[in-house]
Trainee: 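I am attaching a structure below and will ask some questions about it afterwards.
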Amino acid sequence: MTRTTPHLLPITTVLTATLCLQSFPSVAGQTTPVYSGCEADAYYGSLSDNPSRQEISNLLKSTHRNVLPYTSSREDTWDALMDLDPGTQSGTVSLIYSDHEAQGEAPSGQSRAWNREHLWPKSHGVGYTGADFTDVHHLRPADVNVNSARGNKYFAACGIVEPLDTCRSPAHSEASASTTTDNEVWLPPTEVRGDIARALFYMELRYSGVGGDPNLELTDCPTEVSDNKLAYLSQLMEWHQEDPVDEEERNRNGRVCERWQGNRNIFVDFPDLVGRLYGESAQPNQSNGYECSLGENTPPPTPTSPPLDSTDSTCGALVAGDIQVIAVHSDNPDEVALVTLVDLTAGLEIYLTDSGWAGTEFRDSEGTAKLTVPQGGISAGTIFGFGDEGSNLLLATTWAETGALSLSTQGDSLIVYCQPSEGKYNFLGAATTNNVWDPNQSDSNNSGLPAGLESTSIALPHFDNYIYIGPSEGKKSDIVEAIAKEEHWSGFDNTQPLKFEFSFVIASEAVTDCQDLKAGDVQIIGVHSDNPDEIALVALQDLPANLELYLTDDAWTGNGFRGSEGTVKLIVPDSGITKGSFFGFGDETSLPYASSWSQVSGSLALSTQGDALAVYCKPTESTFNFLAALSLSGSWVSSGFSSTNGALPPGLEQANTALSHRDNYQYVGPTSGSRNELISAIGDEANWKGSNSAESVVYDTTFTVIGGGSSSGGGGSGITPSGVNPDDDDESASVTARISIGCLLFALFMLV
């Protein structure tokens with residue numbers, strides 16, 4: 001996945017009065033804590049309702065109450081590391097890259113057998129003085145010789161930058177057996193990879209160039225000159241997922257704060273913050289690093305993360321009712337709550353305006369706000385919105401305004417739309433608190449109703465504030481109908497801000513033909529190109545009887561298929577195929593419907609040299625609705641098409657899988673989750689097992705597809721602290737019986 005340069009990414013946080021975070025105990029037997037306020041609820045409680053990324057960085061900096069001396073006759077980093085990283089034997093320290101331990105204090109007349117490893121090397125931005133040099137969140141005890149072998153190498157697995165034949169394992173004779181290295185990169189032991197990743201995420205956030213600090217940056221595209229950049233970010237993101245936070249790491253984090261420095265590592269407390277800040281990890285080129293724009297240090301857009309164009313091509317896929325207004329609050333703070341009833345793609349630009357519609361254009365006397373959907377998209381059922389400072393709505397302060405979108409207590413009209421092209425409008429939802437839509441627009445509070453919204457809008461008698469209290473679970477069409485009924489709304493006149501604890505759960509609409517299917521509704525979950533040939537598929541949506549599905553290994557060229565290989569067709573049987581069911585194509589295989597495909601053209605015969613596969617249906621004889629694609633050649637190409645390489649078919653930017661070459665692959669990742677979560681997991685190479693063995697694969701696990709958009713209807717937008725139950729109730733009351741604040745909303749971070 002492409003990511004925006006890290007230091008340009010602010011975040012939004014919603015904290016309830018009680019953060020419901022666990023406290024972190026002191027290490028048994030150690031010195032009494034020195035710094036107060038280190039329990040997580042107190043530590044993060046000083047943040048504003050909607051802190052920026054820099055505000056969080058400022059918290060880490062301002063609470064860094066003790067800058068330790070590196071070496072001193074008083075307490076220094078040696079003492080801190082002996083306290084923070086004790087070995088299993090008394091008086092020893094645990095060594096970050098090794099399986100053995102070392103004596104903490106050197107025997108008389110001898111030097112220590114360990115030294116202090118800077119996980120972020122000095123030659124990559126950390127100074128030789130100052131807080132960054134002695135920050136024990138990124139210092140670790142290391143074997144002297146092993147530390148020397150690591151030097152200033154970047155963190156990554158072998159084969160990412162150099163050919164695998166240059167790899168050495170273990171990385172040093174005194175290093176752990178799971179370490180590897182080549183001339184460019186260093187792979188630490190399995191059990192500490194996540195710890196190292198989170199320490200480096202902290203360093204980048206803590207040292208942001210303010211007040212004389214270095215401006216550290218994690219990247220996939222390092223330069224040859226010495227600078228403040230450390231690679232490889234995508235590897236660190238993968239390690240963070242593979243090696244989650246454990247109790248030992250939590251205890252160390254708490255101990256750094258209460259005994260040594262006074263500040264915490266927020267990525268240990270909120271692991272999901274990594275995904276909100278950085279998006280998803282990119283896929284490397286074999287032995288050639290990551291795709292990087294010429295002269296830049298930020299990866300260019302990849303097939304799984306389209307660029308953010310000023311004219312958004314995904315807008316055209318939306319229809320009236322897909323985004324609905326569900327609350328209006330014109331008593332300060334101004335707020336407009338929205339719910340999306342479909343999945344919104346990252347980069348989509350959504351507009352909200354209180355300018356009146358005159359039939360062909362907007363009156364330009366009021367305001368319009370634009371939201372660019374953040375990385376990861378917004379899942380069906382998610383409540384979000386626009387608001388002033390103090391609003392609790394998700395993404396409330398991330399909109400860019402033109403004019404002043406300022407709600408009137410005399411009534412107002414709100415319209416939601418996107419723009420498929422310059423000067424064109426695709427209207428999605430609308431609400432007025434002026435009782436009727438007024439095509440004459442006699443004053444600034446009135447508006448005509450845009451064409452196409454006749455059955456997907458609401459006109460309410462005047463109150464300063466309104467909130468939808470109707471059904472929140474069901475099919476999209478049912479919820480659109482419910483929102484359009486006045487009896488499902490509650491009006492009031494007070495200044496309490498809107499707070500939502502319930503979410504929407506959108507059930508799947510019945511699929512009746514090809515045009516109802518979306519990218520990702522069918523996914524490829526296995527390929528076997530050593531005889532017998534097999535391709536395993538899973539349905540993430542109910543597939544209706546008589547639907548014609550096509551499967552091909554013919555390369556897509558951007559305009560059509562290359563025409564040199566094979567295509568087969570399956571007519572879904574009368575019983576249909578239920579979402580969660582796996583099926584497939586193949587020779588001598590037990591996959592359901594494997595022998596039911598008919599040949600359309602050529603011969604679908606998989607190559608052991610790599611292949612590109614696509615699944616699609618055809619709304620008309622000459623059009624394609626692409627559902628899934630998989631490359632066994634490492635990446636999609638834009639030229640040089642062959643029997644093993646093809647372009648990514650359109651619409652599959654977030655519903656494809658590109659795997660480095662093996663003869664055979666089987667998906668081994670999560671099999672339960674929302675449709676979006678499963679699509680994302682299937683697109684992650686880390687969730688696949690490859691081999692060059694001719695042994696056939698047996699598929700015996702069904703998939704559980706939860707909900708219409710996500711298991712909670714909220715799209716996984718909240719960050720839950722490690723080890724914390726988010727379901728504890730808070731006693732805060734709300735403006736209606738259905739709306740209250742609780743620990744469910746204790747820590748919600750999103751990209752701005």
Side-chain angles (χ1 to χ4, degrees), residues 2-15 47-58 205 208 270 272-279 305-310 312 314-315 323-329 332-340 343-354 367-379 381-407 414-419 428-429 497-500 503 714-719 745 747-752:
T2 298
R3 296 167 298 277
T4 307
T5 305
H7 63 271
L8 297 178
L9 290 174
I11 61 174
T12 298
T13 306
V14 176
L15 298 173
L47 292 174
S48 65
D49 287 343
N50 293 287
S52 67
R53 187 185 197 279
Q54 190 60 56
E55 183 182 345
I56 297 174
S57 177
N58 291 343
L205 186 59
S208 58
F270 296 91
D272 288 348
L273 177 58
V274 173
R276 303 300 178 257
L277 284 177
Y278 299 112
S305 183
L308 308 186
D309 295 326
S310 57
D312 195 330
T314 59
C315 170
I323 300 176
Q324 289 282 286
V325 178
I326 58 169
V328 178
H329 195 279
N332 289 331
D334 280 6
E335 296 177 287
V336 180
L338 308 171
V339 63
T340 178
D343 297 330
L344 302 180
T345 305
L348 172 68
E349 294 178 346
I350 301 166
Y351 296 84
L352 173 68
T353 187
D354 63 346
T368 300
K370 180 178 74 173
L371 173 71
T372 301
V373 175
Q375 288 287 348
I378 303 177
S379 292
T382 300
I383 297 170
F384 64 107
F386 167 86
D388 296 337
E389 293 293 336
S391 172
N392 294 305
L393 290 171
L394 178 65
L395 303 176
T397 60
T398 68
W399 300 66
E401 285 189 75
T402 302
L405 204 173
S406 180
L407 302 182
L414 296 157
I415 299 170
V416 185
Y417 63 93
C418 60
Q419 292 194 261
L428 305 173
L498 302 171
K499 302 179 182 73
F500 291 87
S503 58
S717 302
I719 291 179
L745 297 176
L748 181 61
F749 294 79
M750 280 298 289
L751 291 170
V752 172

Trainee: Can you tell me if W399 uses its side chain to pair, donor with acceptor, with the backbone of Y351 under 3.5 Å?
Mentor: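 No, the answer is negative, given that no donor and acceptor are paired below the 3.5 Å cut-off.
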Trainee: Looking at CD1 of I56 and CD of Q54, how far apart are the two atoms once the value is rounded to the nearest 0.5 Å?
Mentor: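 The CD atom of Q54 is 10.0 Å from CD1 of I56, to the nearest 0.5 Å.
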Trainee: Between T368 and E401, does any side-chain donor sit less than 3.5 Å from a side-chain acceptor?
Mentor: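 Checked: T368/E401 side chains show no N/O donor-acceptor pair below 3.5 Å.
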Trainee: Return yes if some donor-acceptor pair links the side-chain N/O of T353 with the main-chain N/O of I415 below 3.5 Å, else return no.
Mentor: no
Trainee: Could you state the interatomic distance from CG (L428) to OG1 (T340), rounded to the nearest 0.5 Å?
Mentor: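 Rounded to the nearest 0.5 Å, the CG-OG1 separation comes out at 9.0 Å.
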Trainee: What's the verdict on side chain to side chain contact (heavy atoms under 4.5 Å, CB included) for D343 and I378, showing C-alpha distance, side-chain angles and the deciding distance?
Mentor: CA-CA 6 Å; D343 297 330; I378 303 177; over 6 Å; no
Trainee: What heavy-atom pair brings I350 and F384 nearest, and what distance separates the two atoms?
Mentor: CD1-CZ, 4.4 Å
Trainee: Would you give the length of the straight line joining atom CG of L344 to atom OG of S379, rounded to the nearest 0.5 angstrom?
Mentor: 8.5 Å
Trainee: Taking the side chain as everything from C-beta on, heavy atoms only, tell me whether F386 gets closer than 4.5 Å to L371.
Mentor: no
Trainee: Could you tell me if the side chain of L393 sits less than 4.5 Å from the side chain of E335, heavy atoms only?
Mentor: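 Of all side-chain heavy-atom pairs linking L393 with E335, at least one is under 4.5 Å.
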Trainee: To the nearest 0.5 Å, what is the distance between CG (L405) and CG (L407)?
Mentor: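 One gets 6.0 Å once the value is rounded to the nearest 0.5 Å.
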Trainee: Calculate, to the nearest 0.5 Å, the distance between atoms SG and CG belonging to C315 and L348 respectively.
Mentor: 6.5 Å
Trainee: Counting distance only, does the side-chain N/O of D354 pair as donor-acceptor with the main-chain N or O of G367 below 3.5 Å?
Mentor: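 Flag set: sc D354 to bb G367 pair under 3.5 Å.
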Trainee: Within the structure provided, determine whether V416 and V325 are in side-chain contact (heavy-atom separation under 4.5 Å).
Mentor: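 When only atoms from C-beta onward are counted, V325 and V416 do touch, with a gap below 4.5 Å.
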Trainee: Give the minimum heavy-atom separation between A346 and P374, together with the two atoms involved.
Mentor: CB-O, 3.3 Å
Trainee: Would you please test I323 and V339 for side chain to side chain contact (heavy atoms under 4.5 Å, CB included) and show each step?
Mentor: CA-CA 6 Å; I323 300 176; V339 63; over 6 Å; no
Trainee: Could you check I383 against L338 for side chain to side chain contact (heavy atoms under 4.5 Å, CB included), going step by step and ending with a plain yes or no?
Mentor: CA-CA 6 Å; I383 297 170; L338 308 171; over 6 Å; no
Trainee: Quick one: are C418 and E349 in side-chain contact, heavy atoms under 4.5 Å?
Mentor: no
